[in-house]
Amino acid sequence: MTAGPGISSIDVVEAERRLREDADRPLLVDVREPNEFEQVRAPGAVLMPMSTFMARSSELPSDRPLMIVCRTGSRSSAVTGFLARNGRADVVNVDGGMEAWERSGFPVRRGTPATGEGELPG
């Protein structure tokens, strides 16, 4: 999976603003692995590890914009490119990933996720 040219990206400030204010209710999709998600994650993020992403991408809701995040932006860029090439117009990469999110002082959660945390909305 490679990003390819022309993928849409936003910074963490815009991602956090969209999560708070956007009426379209964007979904923050974390493509890191479960051990990384346990270490630090954005509240409300959905975990869909890159290692299982291809098999599970059809589970993503089609009625909400997607913001894809990883640790620094490389894996999420590849996933964003994949989704865009496969017809998803409402998807953006979160530049800088969780490292930038945490550096910006936005809320994070740590430790074992609570029951249901990280799961796709029903």
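Note that the structure is a prediction, hence the values are computed from the model and not measured.
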| Can a salt bridge be assigned to the pair Glu36 and Arg75 using a cut-off of 4.0 Å between side-chain N and carboxylate O? |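 Yes, Glu36 and Arg75 are salt-bridged.
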| Can you list every pair that meets ring pair (Phe, Tyr, Trp, His ring centres under 6.0 Å) and has a residue in residues 83-122, with sequence neighbours left out? | Trp101-Phe106
Shortest non-hydrogen contact between [X] and [Y], atoms and distance:
X	Y	result
Val31	Cys70	CG2-CB, 3.8 Å
Val12	Gly97	CG1-O, 3.7 Å
Phe37	Gly118	CZ-CA, 3.8 Å
Pro121	Val46	CD-CG2, 4.2 Å

Once side-chain hydrogen bond (donor to acceptor under 3.5 Å, both in side chains) is applied, do any residues pair with [X], and if so which ones, sequence neighbours excluded?
X	result
Glu33	Ser51
Arg20	Glu16
Glu117	Arg41, Arg109

Joint hydrophobic cluster, [X] plus [Y], side-chain heavy atoms closer than 4.5 Å:
X	Y	result
Val13	Met98	yes
Met50	Leu60	yes
Val40	Leu19	yes
Val91	Ile10	no

| query | Please walk me through it: do Leu28 and Val94 pass side-chain contact (heavy atoms from CB on, under 4.5 Å)? | reply | CA-CA 9 Å; Leu28 184 63; Val94 179; 4.2 Å; yes
| request: Apply the test side-chain contact (heavy atoms from CB on, under 4.5 Å) to residues Leu83 and Leu66: give CA-CA distance (whole Å), side-chain angles for both, the deciding distance (0.1 Å), then the verdict. | output: CA-CA 10 Å; Leu83 290 169; Leu66 304 177; 4.2 Å; yes
| task | Mind running side-chain contact (heavy atoms from CB on, under 4.5 Å) on Arg85 and Ile7 for me, showing each step along the way? | result | CA-CA 9 Å; Arg85 286 189 304 278; Ile7 68 157; 5.6 Å; no
Give, for atom [atom1] of [X] and atom [atom2] of [Y], the distance between the pair rounded to the nearest 0.5 Å.
X	Y	atom1	atom2	answer
Asp11	Ser104	CG	OG	8.0 Å
Ile68	Leu27	CD1	CG	8.0 Å
Ser8	Asp90	OG	CG	10.5 Å

| query | Taking only residues two or more places apart in sequence, or in another chain, which ones meet Pro107 in a side-chain contact (heavy atoms from CB on, under 4.5 Å)? | reply | Pro43
| field | side-chain contact (heavy atoms from CB on, under 4.5 Å) against Glu59, all qualifying residues, sequence neighbours excluded | value | Met48, Arg56, Leu120
Just by modelled atom types, is the [Y] backbone N or O under 3.5 Å from a matching donor or acceptor in the [X] side chain?
X	Y	value
Asp24	Pro26	no
Arg88	Ala84	no
Asn93	Ser77	yes

| request: Kindly determine whether Thr80 and Met67 satisfy side-chain contact (heavy atoms from CB on, under 4.5 Å), including the steps that lead there. | output: CA-CA 8 Å; Thr80 301; Met67 299 186 300; over 6 Å; no
